[in-house]
Amino acid sequence: MNENYDFKNIERNCQSNWQKTDLFSSKKDLNKKKYYVLSMFPYPSGKLHMGHVRNYTIGDVISRFKRLNGFNVMQPMGWDAFGLPAENAAIQNQTLPDEWTFGNISSMKSQLNSLGLSLDWGREIATCDPSYYKWEQWFFIQLFKKGLIYKKTSIVNWDPIDQTVLANEQVIDGRGWRSGALVEQKEIPQYFFKITDYAEELDKELENLNNWPSQVTLMQKNWIGKSFGFKVDFQQKEFEKISVFTTRLDTIFGVTFLALAPDHPISKKLSFENEDIQNFIDSIKKTGVSTADQAKAEKKGIFTGLHASNPINNELIPIWISNYVLMAYGEGAIMAVPAHDERDYEFANKYSILIRKVIESNNECSPEKGILINSDRFNSLSSDDAIDQIGLELSKNNLAEKQTKYRLRDWGISRQRYWGCPIPIIHCTNCGEVCESETNLPVLLPKKNKFDFENQSIKTEESFINCKCPECGRSARREKDTMDTFVESSWYFARYTCPDENKQMLNDEVNYWLPVDQYIGGIEHAILHLLYARFFTKLLRDIGLIKISEPFDNLLTQGMVLKDGSKMSKSKGNTVDPGDLIEKYGADTARLFIMFAAPAEQSLEWSDQGIEGSYRFLKKIYTQIYKFNDLLKQQNIKNLSEEPSQNEEFTYQLNKTIEKVTDDIDRRQSFNTAIASLMEFVNYISSINSEKNISDVYFGYKKLLIMLSPFVPHFCEYVFKALTNEDIKEENWPKVDKQALQRKKQTVVIQVNGKVRENIEIDTDTPQSIIEEKAFACEKVLRFINNKNEVKKIIFIKNKILNIVI
RNA sequence: GCCGGGAUGGCGGAACUGGUAGACGCACGGGAUUCAAAAUCCCGCGCUGGCGACAGCGUGCGAGUUCGAUUCUCGCUCCCGGCACCA
């Protein structure tokens, strides 16, 4: 053992040994319980950032912990390799998207390895590899044939100068990021996955995800947005009727206007005849496409000049068109009740529309349910009863229909970009829209020699576009759009189980490894990615490729890594390069610090000074064990048998630590407190005389190193070998001796009116009467009690507290 | 705007089921060691008052429930994440 902690050598040697022995490759083994640990795969941006370090260290700690506990662990890694940044980089750096991406993959792979992650690289996947996306195209075809994919037009951001579709991210303050042109809304045909067919199941099965953070399931629940209500028809002279969806039929007497979405068919028809309406709709089209932009936009509207009649009392109601009504939800039209809906209220105030209260309330606008007023024969009913009765009456007359609605919309997957998985559709003038034949898969992305700025998002290669129709054999044209990159990340966890399978999408291995036992990733993926992955799991099940319905058993959503209060980013110049840290302190210190600095699920404020503390902690253990090793040599001690210690305090401290660390890692996933306990234990060992307690200190260090090894694997492997001459890889996680946790003495706190006045050290389980006696003998307690007669009551919690209330 | 989360010393955080607020670490101050520095070791460290014993105050703000609230309830403020074409 070297006198100084030489992390560079230790880490280099360990990593090369692990690689040589292929230590972390995983195979099906029916003698062990399998455990599949998955961290969300990275986008290969080129440089590892602290968020990756955090994500992958968490996954690695869990993997190593589970291995020590006898599980057959699989921890794979791969690359979410399609996406926009590759195209941007290609334009900026005069490279090609594939060259840029594969270059990044190779440099990020070595960065990941320098962290000492116990990854099974034999299962590596890159989603831009044809052997991966071939099966995505195959799957697309199966879904298409099952009718789970359809085409419809939808709105995109259009940059009129660059003549290209923009992602929401590329629209800054309503302008294209490159051209600076005012962005327009444009309708184009796109393919959609029918995720709404699965809305009910996706909603219902959230209940079974007991090991997911409740905030994530709650966000998904709200996103799916299941609600019960009525579709109500308002009769209308010119257009026969206008249907609206409402969850608050009880407020129908309070309806003072109807509002249509700007892209509602009636709005569109009216715009052809009326220039003002046309201008109004055009002005709305200048706001961004994203829901956030639309919701933040000022509420605007225009009166159509038309009226409709309220089905409950035939009252004539004005019809407006407004930007706060979304075509994508419900009927694209609403019955507005300003007295009981805040958005309607704001709109009615702005345009001086009548506000009529129909639920009892002291406020001008109250969205809460209550007792009906101003509602004719339904007055004094509760909201819920009124909904039932009004619903019944209108339904009888075919004016309303009970409906269950979801806020969830179908998933549009067409992207007008180059660097993505080609959609395997062929447009034939003869046969229409047909799938590419399965034998022709994969539909390869056309190679480019030079990345074309003018047409960055459209494939112009004639050799790609021109093809033969698989049905009739005549000339046809290939679909030019690619798929949303979320499609690739919706099934990669399944493909890891059989990455080399080239005859089918998935084979039987998938049924051994799935579901993923522990999934780890950023909280920013709480809705979209996790919902799409759940959706795909159900699709794969229904096609018969897998048996499970939910992909991820346990979910850990890690917080972001911040510096100076905000997300690390190049533009803010507040990044910390993990490579620099590893160079300066080693991977073990970097891993230890990032796990110690904050709870995994919370955001982590980066501190340059804090990492010094973690480094110091490792150096301290190193030096202590080095000295202890010397002591063993001097005294020529060789065989230390693992006998129970006679030192009661030592066994208590050791077992308390084992219990705490095990529970913290396994159940609570509270890694920062697990490390704190290990630090306390190191402080404790330092405080005992090692010459007089050789055996205790030896076993103390031994157990300590095992428990620390998931966090700092290289360090522990090396030091363990030096101390014991054994291989830490052969060890098991230590077990708690429950007996050792029983203490003979306890501290009981004496309070007066809930304020601590004294502590009493006393035998465990001492009864209340004796503690009371002691308490009333304490000077510090009596000082706050003038007269024993004032004591109103005494609260006693065994081994904890005696509270005297006066 | 809507949905979700957070706020505790100078800083990161701990307190798991309502029961001693501040574990562990950083920073800082004092001391030891050293020619000196770094490293290391020891001691102190919420705020206010007090020589001290000790007392009062204290978990974003305002109320409430309770013998007792960082923890539960209601109402706010600020910060962070998501909002369907960033990944």
Side-chain angles (χ1 to χ4, degrees), chain A residues 40 42-43 45 80 82-85 156-157 165-171 190 213-216 218-219 221-223 225 289-297 299 324 328 342-343 346 408-417 484-486 489 522-529 531-532 557 559-560 562 565-567 593 596-599 601-614 616-617 619-620 623 663-664 667-668 670 672-673 675-680 683 686 747-759 780 783 792-795 797 800-801 803-806:
Chain A
M40 288 179 187
Y43 178 79
S45 59
D80 189 12
F82 276 136
L84 205 48
V156 293
N157 300 304
V165 174
L166 298 176
N168 286 337
E169 193 194 47
Q170 298 172 311
V171 180
Q190 308 202 58
S214 52
Q215 55 157 312
V216 174
L218 186 57
M219 277 192 263
K221 196 162 192 68
N222 290 335
W223 185 261
V289 164
S290 85
T291 323
D293 287 340
Q294 288 175 9
K296 270 184 246 164
K299 290 184 182 54
Y324 80 96
E342 276 167 21
R343 290 158 305 173
E346 197 189 320
L408 183 69
R409 312 203 295 254
D410 276 335
W411 175 14
I413 56 103
S414 293
R415 297 291 179 270
Q416 300 68 41
R417 309 195 187 288
D484 181 2
T485 58
F486 270 121
S489 57
I523 183 68
E524 65 273 20
H525 296 291
I527 297 178
L528 293 179
H529 162 61
L531 188 69
Y532 294 149
T557 48
M560 322 249 295
L562 310 177
S566 58
K567 189 173 172 174
F593 177 67
F596 177 61
E601 70 280 3
Q602 271 177 41
S603 58
L604 182 153
E605 173 67 32
W606 182 257
S607 151
D608 286 326
Q609 287 153 339
I611 195 160
E612 291 277 354
S614 298
R616 216 173 290 162
F617 174 63
K619 275 197 294 188
K620 184 172 159 181
T623 311
D663 190 48
D664 276 356
R667 178 183 64 88
R668 296 182 65 209
S670 170
N672 57 326
T673 54
I675 294 167
S677 301
L678 291 166
M679 286 174 168
E680 280 183 79
N683 292 341
S686 323
T747 306
V748 173
V749 172
I750 311 299
Q751 298 181 330
V752 178
N753 282 351
K755 290 201 175 191
V756 180
R757 297 304 176 187
E758 186 59 294
N759 294 309
K780 279 186 197 169
R783 210 187 292 169
K792 283 192 198 131
K793 61 172 159 178
I794 295 179
I795 306 231
I797 314 283
K800 255 193 189 141
I801 265 175
N803 187 11
I804 301 164
V805 185
I806 56 170

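Everything quoted here is computed from the prediction, not taken from an experiment. To find a chain, count down the sequence lines: A is the first, B the second, and so on, and within it residues start at 1.
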Measure distances between side-chain N and O atoms of A/N803 and base N and O atoms of B/rC67, and say whether any donor-acceptor pair falls under 3.5 Å.
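By the distance-only test, yes, there is a pair.
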Could you check A/N683 against A/K620 for side chain to side chain donor-acceptor pair (under 3.5 Å), going step by step and ending with a plain yes or no?
CA-CA 10 Å; A/N683 292 341; A/K620 184 172 159 181; 3.0 Å; yes
[X] [atom1] to [N] [atom2]: how many Å, rounded?
X      : N      : atom1 : atom2 : answer
A/E612 : B/rC28 : CD    : P     : 11 Å
A/L218 : B/rC2  : CG    : C1'   : 13 Å
A/Q602 : B/rU8  : CD    : C1'   : 11 Å
A/N753 : B/rU66 : CG    : C1'   : 13 Å
A/E342 : B/rC2  : CD    : C1'   : 11 Å
A/F593 : B/rC11 : CZ    : P     : 16 Å
A/L604 : B/rG25 : CG    : P     : 18 Å
A/K755 : B/rC67 : NZ    : P     : 17 Å

Just call it for [X]: base, sugar-phosphate, or nothing, with non-hydrogen atoms closer than 4.0 Å on any strand.
X      : answer
A/Q294 : nothing
A/R343 : nothing
A/V749 : base
A/K792 : nothing
A/N222 : sugar-phosphate
A/K299 : nothing

Which atom names give the shortest non-hydrogen contact between [X] and [Y], and what distance separates them?
X      : Y      : answer
A/V216 : A/I523 : CG2-CD1, 4.1 Å
A/V289 : A/Q294 : O-NE2, 3.3 Å
A/T557 : A/P213 : OG1-CG, 3.7 Å
A/I806 : A/K792 : O-NZ, 3.8 Å
A/R417 : A/L166 : NH2-C, 3.8 Å
A/L531 : A/W223 : CD2-CD1, 3.6 Å

Syn or anti for B/rG9, taking syn as within 90° of 0?
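Chi for B/rG9 falls in the syn range.
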So, does [X] get its side chain near the phosphate of [N], meaning an N or O under 4.0 Å from OP1 or OP2?
X      : N      : result
A/N672 : B/rA14 : yes
A/K793 : B/rC67 : yes
A/R616 : B/rC41 : no
A/N683 : B/rG25 : yes

In B/S/- notation, 5' to 3', how is nucleotides 81-87 of chain B contacted by protein heavy atoms closer than 4.0 Å?
BSBBBBB
Interatomic distance at [atom1], [N] relative to [M], whole Å:
N      : M      : atom1 : result
B/rG13 : B/rG52 : P     : 34 Å
B/rA14 : B/rU70 : C1'   : 11 Å
B/rU34 : B/rA39 : C1'   : 11 Å
B/rG58 : B/rU77 : P     : 24 Å
B/rG29 : B/rG64 : C1'   : 43 Å

Taking the nucleotide of RNA chain B with the nearest heavy atom to each, does A/I797 or A/A295 sit closer to the 5' end?
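The residue whose closest nucleotide sits nearer the 5' end is A/A295.
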Exam field: side chain A/Q170 to backbone A/A167, donor-acceptor pair closer than 3.5 Å
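Yes.
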Derivation of the side-chain contact (heavy atoms from CB on, under 4.5 Å) call for A/H529 and A/E524
CA-CA 9 Å; A/H529 162 61; A/E524 65 273 20; over 6 Å; no
For the side chain of [X], counting heavy atoms from C-beta on, which of [options] is nearest?
X      : options                : answer
A/R668 : B/rA39, B/rC16, B/rC24 : B/rC16
A/Q215 : B/rG5, B/rA27, B/rG19  : B/rG5
A/M679 : B/rG19, B/rG12, B/rC24 : B/rC24
A/I801 : B/rG19, B/rC24, B/rC26 : B/rG19
A/I795 : B/rA55, B/rC67, B/rC26 : B/rC67
A/A598 : B/rG13, B/rC24, B/rG56 : B/rG13

Map every base of RNA chain B to its dot-bracket character, where paired means a Watson-Crick or G-U wobble contact with both distances under 3.5 Å and | marks a partner outside the strand.
(((((((..(((......[....))).(((((.......))))).((((....))))..(((((..]....))))))))))))....
Could you walk me through whether A/F593 and A/F617 pass the side-chain contact (heavy atoms from CB on, under 4.5 Å) test, one step at a time?
CA-CA 10 Å; A/F593 177 67; A/F617 174 63; over 6 Å; no
Could you check A/I801 against A/I795 for side-chain contact (heavy atoms from CB on, under 4.5 Å), going step by step and ending with a plain yes or no?
CA-CA 8 Å; A/I801 265 175; A/I795 306 231; 5.7 Å; no
Taking salt bridge (charged side-chain N to carboxylate O under 4.0 Å, His left out) as the definition, give me every residue that meets it alongside A/R668, ordered by chain and number, with sequence neighbours left out.
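Expected list: A/D664.
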